[in-house]
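See below for the structure under consideration.
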Amino acid sequence: VAVGYMDPGNWATDLAGGSAFGYTLLAVVLLSSLMAILLQTLSARLGIAAKLDLAQACRARYGRKTTIVLWLLCEVAIIACDLAEVLGTAVALKLLFGLPLLAGVAITSFDVLLLLSLQRFGFRKLEAFIATLLVVIAGCFAYELWLARPDWGAVAGGLVPRPEIVTNPAMLYIAIGILGATVMPHNLYLHSSVVQTRRVAAGDERGAIRLATADTIVSLGLAFLINAAILILAASVFHAAGRADVADIEQAHRLLSPMLGAGA
């Protein structure tokens with residue numbers, strides 16, 4: 001679930017927000033993350049207490065026409081998300097190894113099958129693999145922030161919402177992008193299903209909900225820190241140097257090494 005909060009949509013909107021407006025939109029990242037934690041916690045409760053995922057609950061509660069509309073909306077959301085994930089991986093392979101985007105997309109499609117095959121060895125092993133990747137990402141951004149030397153006083157100030165976020169159309173546009181990249185419907189369907197992979201003894205639902213809530217807060221808290229780090233990095237490196245036009249991953253990759261003075 002935490003991976004869904006660090007997709008290329010988050011990276012692009014955080015880069016654009018940080019380079020254009022400095023630390024101001026950090027408040028939007030924080031509020032979006034808090035909203036996401038609330039919704040994901042409710043999804044976990046549904047899965048544990050009712051033993052239903054969100055799709056099954058919708059089918060049980062709504063009429064046929066409504067469920068068909070919800071299904072179509074969910075399919076569109078999944079397709080939109082998958083396009084970003086596949087293209088994001090292809091862009092990463094291009095940046096790291098110079099591979100053409102088409103070859104990157106083909107390799108990414110194979111990656112998906114490889115990851116799915118890991119489930120044969122148990123769901124916990126797949127979780128451990130993904131958690132390792134998250135720690136690698138967090139480590140990379142911790143290193144980059146150490147090099148960037150952001151103004152931590154300004155960072156703290158950016159966590160406080162300001163009126164110009166909604167009165168400035170350009171800022172509001174990126175703020176909506178950050179919100180849309182953070183609170184995503186497919187993650188709610190996923191979470192309510194994934195929590196059911198853990199065995200819960202009869203009568204121990206309350207304990208399981210407490211553990212699932214703690215799990216959600218920790219994992220999405222890490223996702224918030226990484227998204228915040230992307231925006232802080234863009235603000236301290238690009239915005240501080242007058243480069244308010246950095247809005248995509250390739251451009252950020254090209255400029256980051258010379259502006260940070262490090263190529264690691």
Side-chain angles (χ1 to χ4, degrees), residues 1-33 35-36 77-97 99 101 104-105 108 111 130-145 147-148 150 155 158 170-171 173-184 186-187 219-241 243-257 259-260 264:
V1 169
V3 171
Y5 292 93
M6 281 174 276
D7 67 357
N10 290 96
W11 290 54
T13 51
D14 292 336
L15 282 171
S19 65
F21 304 110
Y23 304 108
T24 307
L25 292 178
L26 262 179
V28 178
V29 177
L30 175 61
L31 293 173
S32 299
S33 298
M35 189 185 301
I78 291 168
I79 291 166
C81 176
D82 280 353
L83 283 173
E85 311 297 359
V86 171
L87 288 174
T89 310
V91 166
L93 292 171
K94 180 183 177 184
L95 298 179
L96 290 169
F97 308 112
L99 287 174
L101 284 177
V105 167
T108 306
D111 283 349
I130 292 170
T132 303
L133 295 180
L134 295 183
V135 171
V136 170
I137 294 171
C140 289
F141 276 106
Y143 173 67
E144 289 179 328
L145 287 179
L147 290 174
V155 170
M171 204 179 289
Y173 182 70
I174 296 177
I176 291 169
I178 292 171
L179 177 64
T182 306
V183 183
M184 296 179 290
H186 62 275
N187 252 351
S219 57
L220 296 193
L222 176 62
F224 160 69
L225 291 175
I226 291 173
N227 284 327
I230 299 169
L231 192 144
I232 293 167
L233 185 69
S236 57
V237 177
F238 303 135
H239 184 77
R243 290 301 304 260
D245 59 331
V246 180
D248 65 66
I249 297 169
E250 289 191 70
Q251 191 180 10
H253 177 267
R254 189 172 64 252
L255 294 173
L256 200 55
S257 289
M259 293 182 79
L260 273 180

Looking at every heavy atom in both [X] and [Y], which two are closest together, and how far apart are they?
X      : Y      : answer
Ala234 : Leu15  : CB-O, 3.6 Å
Ala229 : Leu145 : CB-CD1, 3.7 Å
Thr182 : Ile178 : OG1-O, 2.7 Å
Leu220 : Ala2   : CD2-CA, 3.9 Å
Ala90  : Thr108 : N-OG1, 3.9 Å
Ala181 : Gly9   : CB-C, 3.8 Å

Not counting sequence neighbours, which residues clear salt bridge (Lys or Arg N to Asp or Glu O under 4.0 Å) with Arg254? List them please.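 Arg254 satisfies salt bridge (Lys or Arg N to Asp or Glu O under 4.0 Å) with no residue once adjacent residues are dropped.
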
Is there a side-chain contact between [X] and [Y] (heavy atoms, below 4.5 Å)?
X      : Y      : answer
Val3   : Leu133 : no
Leu179 : Met35  : yes
Asn227 : Ile230 : yes
Met171 : Val28  : no

Spatial distance of atom [atom1] ([X]) from atom [atom2] ([Y]) [nearest 0.5 Å]:
X      : Y      : atom1 : atom2 : answer
His186 : Ile78  : NE2   : CD1   : 8.0 Å
Ser33  : Ile226 : OG    : CD1   : 11.0 Å
Thr24  : Leu231 : OG1   : CG    : 9.0 Å
Leu25  : Leu31  : CG    : CG    : 11.0 Å
Cys140 : Leu233 : SG    : CG    : 11.5 Å
Met259 : Phe238 : CE    : CZ    : 6.0 Å

Using the benzene-type ring in the case of Trp, are the ring centres of Tyr5 and Trp11 under 6.0 Å apart? no

Leu255 and Val237: side chain to side chain contact (heavy atoms under 4.5 Å, CB included), yes or no, with the steps? CA-CA 9 Å; Leu255 294 173; Val237 177; over 6 Å; no

Could you go through Met6 and Leu134, starting from their C-alpha distance and side-chain angles, then the distance that decides it, and tell me whether this counts as side chain to side chain contact (heavy atoms under 4.5 Å, CB included)? CA-CA 9 Å; Met6 281 174 276; Leu134 295 183; 3.2 Å; yes

Under the 3.5 angstrom rule, does the side chain of Ser236 hit a backbone N or O of Pro150 as a donor-acceptor pair?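 Not a single qualifying donor-acceptor pair exists.
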
Donor-acceptor contact present, side-chain Thr13 to main-chain Asn10, <3.5 Å: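 Answer holds: yes.
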
Run the numbers on Arg243 and Gln251 for side chain to side chain contact (heavy atoms under 4.5 Å, CB included), then give the verdict. CA-CA 11 Å; Arg243 290 301 304 260; Gln251 191 180 10; 3.7 Å; yes

Test Leu101 against Val91 for side chain to side chain contact (heavy atoms under 4.5 Å, CB included), laying out the working first. CA-CA 7 Å; Leu101 284 177; Val91 166; 4.0 Å; yes

Just to verify, what does Phe224 make a ring-ring contact (aromatic ring centres under 6.0 Å, His included) with, not counting sequence neighbours? none

